[in-house]
Peer 1: 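Structure below; questions to follow.
Below, chain A is the first sequence line, B the second, and so on; all start at residue 1.
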2 protein chains.
Amino acid sequence: MGRIILGIDPGFVAAGFSVLSAKDRSLVSLHLCGALRMRSSDSLPLRIARFYDFFSKLIVEHSVTHLALETPFLGKNAQNFLKLGYLRGILMLIVAQHNLVLSEFSPREVKAALTGFGGASKEQVARVVMRLFPKLVSIERFDISDAVAISLCGLWINKVG
Amino acid sequence: MGRIILGIDPGFVAAGFSVLSAKDRSLVSLHLCGALRMRSSDSLPLRIARFYDFFSKLIVEHSVTHLALETPFLGKNAQNFLKLGYLRGILMLIVAQHNLVLSEFSPREVKAALTGFGGASKEQVARVVMRLFPKLVSIERFDISDAVAISLCGLWINKVG
């Protein structure tokens with residue numbers, strides 16, 4: 001059985017995700033992509049439980065074998081960095097519970113893999129993603145194109161296993 | 001039914017915990033305290049799953065109703081801060097799954113509640129904890145005395161509900 005890769009760009013407002021698989025390097029199939037939206041009026045524990053339930057179910061339904069993530073970096077806001085840690089902790093739990101192979105890529109690696117340039121903009125990454133998957137007429141949010149890009153890295157760059 | 005409070009001082013090497021309940025302010029009963037140790041040779045997802053399983057089980061076994069935590073602060077090491085976020089994310093999931101009441105206290109609040117002085121040392125906090133619970137002849141680790149102190153704050157300081 002081939003690899004089925006879930007790429008996630010986690011966030012509390014919207015968590016972009018993408019599931020893809022490949023028979024070989026040239027035949028990549030994008031199963032689905034989208035964004036899980038969460039209501040900021042819900043408590044943090046409720047949103048975290050929603051995130052956990054959503055991705056636990058998606059992994060079973062799509063027989064996901066690999067999880068690809070971007071490595072986080074400490075930006076201006078330490079509280080946002082900590083909260084990103086909450087969601088990453090949930091994803092680590094899911095990795096253990098479903099015995100997934102985890103691979104992580106720096107933002108520069110993702111951009112370089114897609115566009116050839118580590119300093120590319122989110123627009124450039126989105127453009128390449130849409131060229132690769134022409135059925136995605138338009139991607140409404142960059143967190144979705146980022147998630148597709150991250151899952152493609154999971155496919156192209158064999159970091160683990 | 002009274003409140004049964006779990007206090008946790010999360011960490012990847014050892015996670016101190018304490019469960020206590022009270023009929024009234026003067027009659028506090030310490031059900032148990034200790035530290036969950038994790039092997040650094042295990043992968044991060046495995047340790048996170050162990051943390052999740054351990055505290056999920058403990059909450060059911062002791063009919064815990066409240067979770068008390070210390071608010072984290074960004075120290076010198078951003079990666080440690082992020083990893084603490086992983087464990088806090090797991091605790092938030094547990095709060096939602098077991099419908100617990102969550103309360104958080106700053107390190108200064110915990111120290112002030114126990115010793116009367118927000119700048120108290122861990123030794124001073126441990127000394128007060130041992131005076132309150134003389135059966136604890138010695139506390140082997142500060143993460144355990146800290147967890148007892150945090151759970152006492154959960155009892156004394158009514159921040160939520």
Peer 1: Can you tell me which of B:I94, B:L91, B:V95, B:I90 forms the most heavy-atom pairs within a distance under 4.5 Å of chain A?
Peer 2: B:I90
Peer 1: A:S43, A:A49, A:G85: which one forms the most heavy-atom pairs within less than 4.5 Å of chain B?
Peer 2: A:G85
Peer 1: Would a distance-only check, ignoring hydrogens and angles, find a side-chain to backbone donor-acceptor pair under 3.5 Å from A:T115 to A:Q124?
Peer 2: no
Peer 1: Only pairs at least two apart or in different chains count here, so list each salt bridge (Lys or Arg N to Asp or Glu O under 4.0 Å) that has a residue in residues 43-61 of chain A.
Peer 2: A:K57-A:E61
Peer 1: Among A:L93, A:I48, A:L46, which residue has the highest count of heavy-atom pairs closer than 4.5 Å to chain B?
Peer 2: A:L93
Peer 1: If you define the side chain from C-beta out and look only at heavy atoms, does anything of B:S18 sit under 4.5 Å from B:I144?
Peer 2: no
Peer 1: Which residues in residues 67-79 of chain A have a heavy atom less than 4.5 Å from any heavy atom of chain B?
Peer 2: A:P72, A:L74, A:A78
Peer 1: Between A:H31 and A:S21, do the side chains contain a donor N or O and an acceptor N or O under 3.5 Å apart?
Peer 2: yes
Peer 1: Parallel, tilted or perpendicular: which one describes the rings of B:Y52 and A:Y52, with boundaries at 30° and 60°?
Peer 2: tilted
Peer 1: The test is ring-ring contact (aromatic ring centres under 6.0 Å, His included); show your working for A:F54 and A:F17 and say whether it passes.
Peer 2: CA-CA 11 Å; A:F54 180 86; A:F17 62 88; 5.3 Å; yes
Peer 1: Using side-chain heavy atoms (C-beta onward) and a distance below 4.5 Å, is B:V110 in contact with B:D146?
Peer 2: no
